[in-house]
Structure formats: structure tokens, C-alpha cells
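Proteins get letters first, then strands, A, B, ... in listed order; numbering begins at 1 in each. Just so you know, these numbers use all the heavy atoms, side chains as well, and skip hydrogens, waters and symmetry mates.
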Amino acid sequence: MGSKRDSDIQKKPKTGFSRRGFMRGVGLGGGAIGTALLEKEAVAAPPPAAAASGPGEVPISLWVNGKEHKLNVEPRVTLLDALRDHLSYTGAKRVCDRGTCGACTVILDGKAVYACSVLAIDAQGRKIQTVEGLSQGSELHPVMKAFVHHDAQQCGFCTPGFVVAAKAFLDEHPNPSDDQVRDGLGGNLCRCGTYVGIRQAVLEAAKGMRG
Amino acid sequence: MPDYKWPAMDKRRVMGKPIERIDGPEKASGRAKYSTDIKLPNMLYGMLLTSPYAHAKVRSIDVSQAEKIPGVKGVTVIAGPGTELQWQGAEIAAVAAEREELALDAVRAIKVDYEVLNDHFVREEDFAKAQAAQKVQPSGEVVTGDPDQAFKEAEVVSEGEYGIPVLTHCCLESHGQTLAWNGEKMEYFPSTQNVSGIAGDLAKQLEIPAEQIHAHQDHMGGGFGSKFQSDRWAAEAAKLSKGAGGRPVRLHLDRRTELQIAGCRPSFFGKIKLGAKKDGTITAWDSTTWSTGGLGGGGLNAQLMPYVYREVPNRRINHSSIVTHTGGARAWRAPNHPQVSFLTCSAMDDLAAKLRLDPLELFIKNANYTARANVYVSQLKKAAEMVNWKSNWHQRGDSGTGPIKRGLGIGVGTWQGLGHNATCKATIHPDGGVEVELGSQDLGTGTRTIIKQVASESLGVPMKDIKLNIGDNRYPVAGASGGSTTVGGVSAATRKATLNALEKLFEAVAGGLGAPAAELEAVDGKIQVKGNPSKSMTWKEACRKIGVTPITATGENNNRFPGGLIDGGVGGVQIADVNVDVETGVVKINKIAVAQDCGLIINPKTAASQCYGAVIMSVCGALMEERVMDAQTGVFLNAEMEFYKLAGIKDIGDIEVHLDIVPEYDARGVIGLGEPPVVPGIAAIANAVTNAIGVRVPTIPLTPRRVLDALAANERRRS
Ligand code: FES
Ligand code: FES
């Protein structure tokens, strides 16, 4: 998803419609958008509801925002739940818990992923960056500043996921067009309807980050 | 008593300015803590077992295996033997465990023997089947004027069938809470629209005095009308916590259960017949409609039709409720209104098409039937201008020969939005500090920001120097945030409390400034003699004169006496511009134009966000959102966000908002803006699609399949 998603889309013929728009046409027959992309990421994991019981907790270590954390988790625990419940990184939110909404987005080895669809044990030895790792102390990341400036948030529950996805997207598209922003952030959902502000924010952040 | 009235528009220094929301940085950086983020020491994870069936009886339930799982700290049975489960997702048992995975294991280890009840589930779309199954509750006919005679005399009669299905709230933060007992007292962290009232609601369930529960919430991830009460899951979490010696329990619904049982919006289906003169003047209305809100039936007020155009002289209204074994309805942003707007505006648009009239003219021509003809006429014209109606509108279906058809459509709305009752306490400290307290909540609407703007405006103190406390039931009681009542309630209460406190400050410094208290004003961090800035002292100097005891004052909004600060009742018009690909059936929004009257706007930035968000919710409802129930079993087929579709950032087109921020409307005072803009959008989009493709798609959402089906049916009719 995130930046990777965007490059996938760019290869497809332009239809003028979002994938989400396309998928819904087939109603319940449509597959999950996230799933197809996650296969490419090779980090797909069955949702926890479908997971078999593990053999108990195993010690793992996670490298989050430049810091190593040692913890014990069952193999079925997702990266999202490990971050939120075993550690205290609650910026990433659990919303759909199955790779649809992007509220749980974190950056794994430079790529945005749905943390609800990655197992914590599979994230070992990889660089995990969460929303908490983007701001420097109290100094907000330029993407966050732009979100505030353009009021790209209401309840704010989807916001950290959007901020992280936007950051990863901008890393790969430092000079995006409005259309690219619409494509590149298509893997995140907001119920309050803050997309107008988000489009403006991402374009402004791009300018700010280019300097 | 101070004069509370708002400063004149051109004199406002803080109110009316597009100030960034004050909790924006906290949210954007991920620091904001929601109920689901709260982790207390020693916390247990709670989970519910819910009914897989729409209608069943529990024969027996065995929790012994669940209790044996190491790490499981409690199991409560909600639906014991003999209990009838009335919808899929109904609560059966709850567990608490050291880890969420273990709670899941425990839920799976509970054995329930169900007697599946053999009454076929009814989908309310199918009125005849519902009638045969005796699931219809008619609410009686209401007749005004003489519709029979009027239809006889009508120069034209237009008929249509329309339907809008059940939607759910799908709040991104699911419903639930974290809570813990400390002896007899409870710390309660809900996700709620009702900070002042929710502890009382939970106390009632637990049969304890409300004072024993301390409710606190800083942020909440969406409610839209579904988060006023504490709900069964809070009571179960409380029992589990108590059973575990007061250990904290966090329990939030998983997504599937949230969609199934945490509230939904009633459907609305029906037939509408309109009688009119050739010039488009509507003379008669006849509607036969039905809806479901679940087992209790209805939940929809069909008497709101004809919507906005209330005063059509001759009308007959029939409505029935359909009983379904589905999770119950809850208030959903602007209860009733989007549905009745969709049906009414669709019928009016069909009438215009039948008469080969421009619907814009028909909507304008009949404006005298509305409660505010001037407002609607000017908004219709404004919105039309925003989409360039004159050059872009065409007769229904006259959209060229290519596969991409463009169309325009109109929707209208109205809402009350009068502020709720609220009390605010303002404190001025001897060191110059200012504190403002209300038991209110910020749902993401900007409540924190506008309260500070009002306090800052009233006291002449910068917003950053005001400490605001909300989100706690220890603060003075403020109403629940529903029905667009918050902004009016909290702004009026804050205005009064701060001015009451300021009056006391004036009294304390009057001597020092050599002028009576009534002659003083607070401006730009100074207290000065009105019209004589040379006789002044700084805010800090003034506060030092208070002595050791801070000044406190309260202010109350009582909505039976709005006192000129607040008002209710707005109109709004939206026009949608869409493209439809008749080969694929895909609808694409080009633009939605919003013309909204709004009273006094405290913060145009957050006000615009309300409008954008509302329009985007309408796009979801018009094009993709729908609860799909299996007709045989009553199973909610799309109860996951993969299949319960919401619009993404690319689906919404361009949205242009025009708020009537003018002295004439401003003079009415503050009016809520949460619901009004969510009303007209679905009607506007549906009418635009009809205009584009030349045929009415009777039921929304306008999925490609429904669009193609409607086109195919039309072709069959023609050949
Ligand atoms: S919670 Fe991970 S994608 Fe929705
Ligand atoms: S801001 Fe509420 S879900 Fe996006």
C-alpha cells in the first residue's frame, strides 16, 4: 500500500475510477483491495480471527522508531496489536483489522504496510516506523503540520494512518500531482469525510518537504 | 447582568476567524488517546460472544471449558438458557483474559446449543412478503385537504417508486470502553457523545448511584448518533472487572459486531404520486411508504413528507413499519432527513421530467410550500450558479450518444440545530490564568476550538492563555452531542460564564481605573475604560486585584430562552454533477455544490469541514453503502469493511461549499451545522444520475449493477 500501491496503480490503464469504485461494482464478489497488494508485499497474514492457536508466547524483538524492544507474543499476534498492546505505540489504530482501511498503517523497511495484516514475528529484524517516530519531540512532521493547517482531520481516528501513508507516498513521489495524491492514498478510509483537507495537505506537505 | 449579545460581525477579533483546530497537532501526531488506546496497569482484555443467528433460542450454554483456559479471568453469561436471541450479533456471553488472544480462545470455547427459530427472515424491501409474514405495522393514514379531488383535477400525475436501504454508522473507533473499579468507585473511559450523561446510564444498568462512576474522555473516534448510551458491553465489562477484583477491563466491539449491533439507520421504501399543473405547481401528494429500524419496527417519521415542501395543499400519507430480526436502529446523523429528502426530491425531479420542465424551475416555483422560501430560492440559484446549471443542464436523458453521460441533480434539506442545555464554569485566577470547564465533548467537530474562541473573544485574552477542560463528568453538565445542538449550547454557556466572570473582575478593578464597572471593557489583553484606551491596565495587573480567591462564575444555556445568542432552523441546497458510464454502470462524481445557511459561524474552517464531511458521507450513501441481509437467514452478509463500502479519497469528486456568512443570517445567532449538510446530497446525486442516463434507478446505492439493471429494464420497456 502507500507508496508501493501508488506505483502499482500507475502501471494500470487510467480508467478515471478508483479501484475501490471498481471493486464495489461486483458487490460482495469483489476481493479485498488490500489483500492483492499485500501479496505483493509478501507480508500478508491471515486475519487473527482465522488464526490457529499458537504454541504459547515466544520472545521476539522489534525495532521501532530506532529503538529495540524485547517482548513475548504469541505467533498469531499482529504487528498492530504488538505495537498497541504489548508496547505503547497507540498511534496506529485498529479499525477493520483486515487490510481495508489503512488506520493501522506503519512503515516497514521504508514501505507503508497495514500493520493489522503483518504478524509481529515477521516484523523482526525489520525497521518499523510508526506515527510516533515521525515527529521530532514536539516538532511536528511537515505532513502533520499540513494536516493541521488544512483541517484534514475531524475525529482524528483515521489521521495517524493517513499521515504515515502520506509520508511514505511522498517519499516516493516528492512532487505529486493532485491525481497522484488521489491514487496514492486510496488505501485509507475516513468516516468523517476529511478527504478534501487531506488532498490539500499532502500537496502542501510535498512543497514544504522539497523546501 | 452583562449584555451577552455577540459582538457585531465586524468587531469580532477571534470569533469568525478560520482558526486551526486546537487539538489538531495532538491528533495528527498520533498522541491523542482514545478509549481504545487506554491501557491501564494490569488490564484485562474483554470480548463478547454473539449470536450467529438472526433468531434463535439458547437451549443451553456451557462456559466451563472457557473458564479453564489459563489466563482467562472471568466469563459472564448474558443470554442464559431459554433466552431468545432477536438478531445476529446479539450478546450471549463476555469474557476477560490476560491477553486478547486468550479472550478469543475463551469465546471460541464456549459451547452454546441453539434452537434456530424457524420463521423466515424478511427483507423489508419486499413489502408483499413482509405483509404475508405479518411483519407489517401500519401507522395509519394522514390526510390533509382533499387529495382525491386534487388528483382528479391535476393536469398531470407523476408516479414513482424509490428505496434507500439500511446503513450502519461504521464509526472507525468501535463502541466500547476501558474501565476499572477502585472499591465502590469506577473509572470509566467510554467512547461517547454523552460525557455528562453516560455514567448515569451505566449506573442505572449496574444499579449503583451515578456519583460512583467517574467518566472521562479526551477524544472519540466517531459516533454519528450511535454513541449516547453505555450499552450492554459496558455493564459486562464492569461485571468482569469486579469479578477480577477491580482489575481494569478493556472491551470494544470487533468490526463485525459493531456493524451488526451498534446502531443503524432505518431504511425507507415507497411509492409517491404527485399531481400538478402544467406549469409545475404541485397540487397533490400521495405517498405509501415503509421502513424498518429492526425488531421494534419503524424508526422513521414519514410525516416529514413532503419534505421541505411541507405545504402542498392536498396530501395523503401512509406509512408502515416492518419488523425485522436485525440490530436496532439508532440516531444516524440527521435522523429521518436524508431518507425523506431522497424520496421527496426524487418524486419532484420525476415530475419535472414528465412535464419536460427544468427541475430547478420546478423547485423554485414551489418554494412557497417551504418554511423559508427566500432562503431556498436564493440557495437554489446559488448552487445552480456553482455548477453552471444554465449551460450544463439538459432534459432528462438528452446526454449525447457516447457512453459517458453527464447529469445534474438537486437535493434540499433542513434542520433545527438549536443549542442544547449546557452549563459552563469560568474561573479567573489572581495570576491571570483563565479556566473554562464544561462536561461536553469534542467529537471532531471542533467543539474545543470554538469554546476557546468564544472565551477569548469575551475576555480579550488570547486563546493560548485559556485552559479548557471538557470531556469529564466532574465538570458542569452539558448536553449530549447529537442533532447539531452542541455548538449552540456550549457557545452560549461559555459566553455567559466568561462575561459573568469578567463582570466580577471589572468590579474588582473599577476603583483602580476610576470608572464604574459598567464603563469597562476587556480588549486585547487589557481592561480599559470604554472608548478611552489610555485609562487601562493589563489583564495580569487587573487579575492581581482579585485578591487570593479566584473569581468563578457559571453561565447556562437554556434552550427555551435562547436570548438571541442561538437559534434553530436552517435550509440547504446541494446540486450534484456526475458522469455515468452506461457501459459499466459506474457513477463518477464530478462536483457537488453546497449552498448552506448557517447562522453565526464561529469558525469558518471547522464549519467548512463539517460540510465537506457531510457531503462525503452522502457520496458513500448514494453510491456504495448498504447493509445487505440474507433473505433466508437474516445474516448480515457484508459486516466487514471490505464489503461494507465507504468512499475513498478518489471517489468524492470536487466539493464546493458556499456558506451564507452574511449579517442577515449572522444576526440569528449560532446554529448547529453537523446535520444540515448531510441531508440533501443523496437526493442530489440520485437525481443527477437520473438526469444523465434518462431513467430512474429506483433504489440506492447506485451501484454499477443497479444502474445497468435500470438501463436494461428501460430498454425492455421501450422495445
Ligand atoms: S485496521 Fe489495518 S487496514 Fe484497517
Ligand atoms: S477523521 Fe474521523 S475517521 Fe477520519
Side-chain angles (χ1 to χ4, degrees), chain A residues 16-18 20-22 24-25 27-28 30 32 48 53-54 74 76-77 81 84-85 88 90-98 100-101 103 130-132 135 140 144 147-149 151 153-160 163 181-183 185-186 188-199, chain B residues 20-21 23-25 27-34 36-37 39 45 99-101 104-105 170-173 219-222 224 254-255 443-445 584-586 588 605-606 608-609 612-617 624 628 637-638 640-643 645-652 655 703-705:
Chain A
F17 301 110
S18 68
R20 220 173 269 287
F22 170 71
R24 86 181 48 88
L28 293 174
S53 302
E74 286 197 44
R76 59 178 158 165
V77 169
D81 292 349
R84 289 178 51 78
D85 293 340
S88 286
T90 55
K93 305 294 184 219
R94 186 159 89 182
V95 170
C96 69
D97 209 18
R98 53 191 60 208
T100 300
C101 73
T130 70
V131 70
E132 289 89 349
S135 35
L140 296 186
M144 297 171 188
F147 267 60
V148 176
H149 185 223
D151 208 32
Q153 46 187 351
Q154 290 196 31
C155 81
F157 208 70
C158 69
T159 309
V163 164
V181 172
R182 295 181 196 209
D183 285 332
L185 292 175
N188 291 60
L189 293 173
C190 171
R191 183 47 152 169
C192 301
T194 56
Y195 301 135
V196 174
I198 293 173
R199 286 174 186 168
Chain B
E20 289 174 3
R21 68 176 64 223
D23 50 7
K27 289 181 175 177
S29 61
R31 291 197 307 267
K33 292 280 182 204
Y34 298 73
T36 34
D37 296 331
K39 201 170 98 183
Y45 295 79
R99 285 273 161 225
E100 201 174 19
E101 310 82 73
L104 178 63
D105 290 345
C170 197
C171 309
L172 290 203
E173 182 184 35
H219 300 282
M220 63 92 71
F224 312 110
D254 61 20
R255 182 54 50 188
L443 312 189
T445 48
T584 62
V586 171
K588 178 174 168 268
K605 199 179 191 105
T606 51
S609 291
Y612 291 132
V615 169
I616 291 166
M617 275 188 130
M624 49 206 75
V628 182
L637 293 172
N638 57 335
E640 291 292 352
M641 286 180 70
E642 257 166 291
F643 305 121
K645 297 288 190 189
L646 300 180
I649 195 165
K650 199 175 177 181
D651 299 318
I652 58 165
I655 302 169
T703 57
R705 179 172 174 170

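Among T130(A), L140(A), V95(A), the residue making the largest number of heavy-atom pairs under 4.5 Å with chain B is V95(A). Taking chain A as the reference chain and counting heavy-atom pairs below 4.5 Å, the highest number among A608(B), C171(B), C170(B), G585(B) is found for C170(B). Top candidate by heavy-atom pairs under 4.5 Å with chain B, chosen from V131(A), V163(A), V196(A), is V196(A). The most heavy-atom pairs under 4.5 Å with chain A, out of I616(B), D23(B), D37(B), come from D37(B).
For a residue to count as touching a neighbouring chain, one of its non-hydrogen atoms must lie under 4.5 Å from one of that chain's; by this rule K605(B) touches chain A with backbone and side chain alike. Interface remark: L443(B) contributes backbone atoms only to the contact with chain A (heavy atom separation under 4.5 Å). Only the backbone of M220(B) comes within less than 4.5 Å of a heavy atom in chain A; its side chain stays farther off. Heavy-atom distances place the side chain of T159(A), and not its backbone, under 4.5 Å from chain B.
Using a 4.5 Å heavy-atom cutoff, the side chains of I649(B) and I198(A) are in contact. At a threshold of 4.5 Å between non-hydrogen side-chain atoms, the residues D151(A) and Y612(B) do not count as touching. Using a 4.5 Å heavy-atom threshold, the side chains of E74(A) and R99(B) count as separate. Between K93(A) and L172(B), the closest side-chain pair of non-hydrogen atoms is not below 4.5 Å.
Closest of all the heavy-atom pairs between G30(B) and P160(A) is CA-CG, 4.0 Å. Considering all non-hydrogen atoms of both residues, R191(A) and L646(B) come closest at NH1-CD2, 3.3 Å. Closest heavy-atom contact between F147(A) and A28(B): CB-CB, 4.4 Å. Here the shortest heavy-atom pairing between S88(A) and K39(B) reads OG-NZ, 3.7 Å. Q154(A) and K27(B) make their closest contact through O-NZ, 2.6 Å (heavy atoms, listed as atom of the first residue, atom of the second, distance). Of all non-hydrogen atoms in C155(A) and G222(B), the two that sit nearest each other are CB-N, 3.7 Å.
Although no hydrogens or angles enter the test, the distance criterion places a donor-acceptor pair under 3.5 Å between the side chain of R84(A) and the main chain of T36(B). With hydrogens and angles ignored, the 3.5 Å screen pairs no side-chain donor or acceptor of R21(B) with any backbone N or O of V148(A).
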Practice problem: Determine, step by step, whether R255(B) and T100(A) satisfy the side-chain contact (heavy atoms from CB on, under 4.5 Å) criterion, reporting the C-alpha distance in whole Å, the side-chain angles of both residues, the deciding distance to 0.1 Å, and the verdict. | Solution: CA-CA 12 Å; R255(B) 182 54 50 188; T100(A) 300; over 6 Å; no
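Residues satisfying the salt bridge (charged side-chain N to carboxylate O under 4.0 Å, His left out) test with E640(B), not counting sequence neighbours, are R98(A), R256(B). Partners of F157(A) according to the ring-ring contact (aromatic ring centres under 6.0 Å, His included) rule, which considers only residues two or more places apart in sequence or in another chain, are Y34(B).
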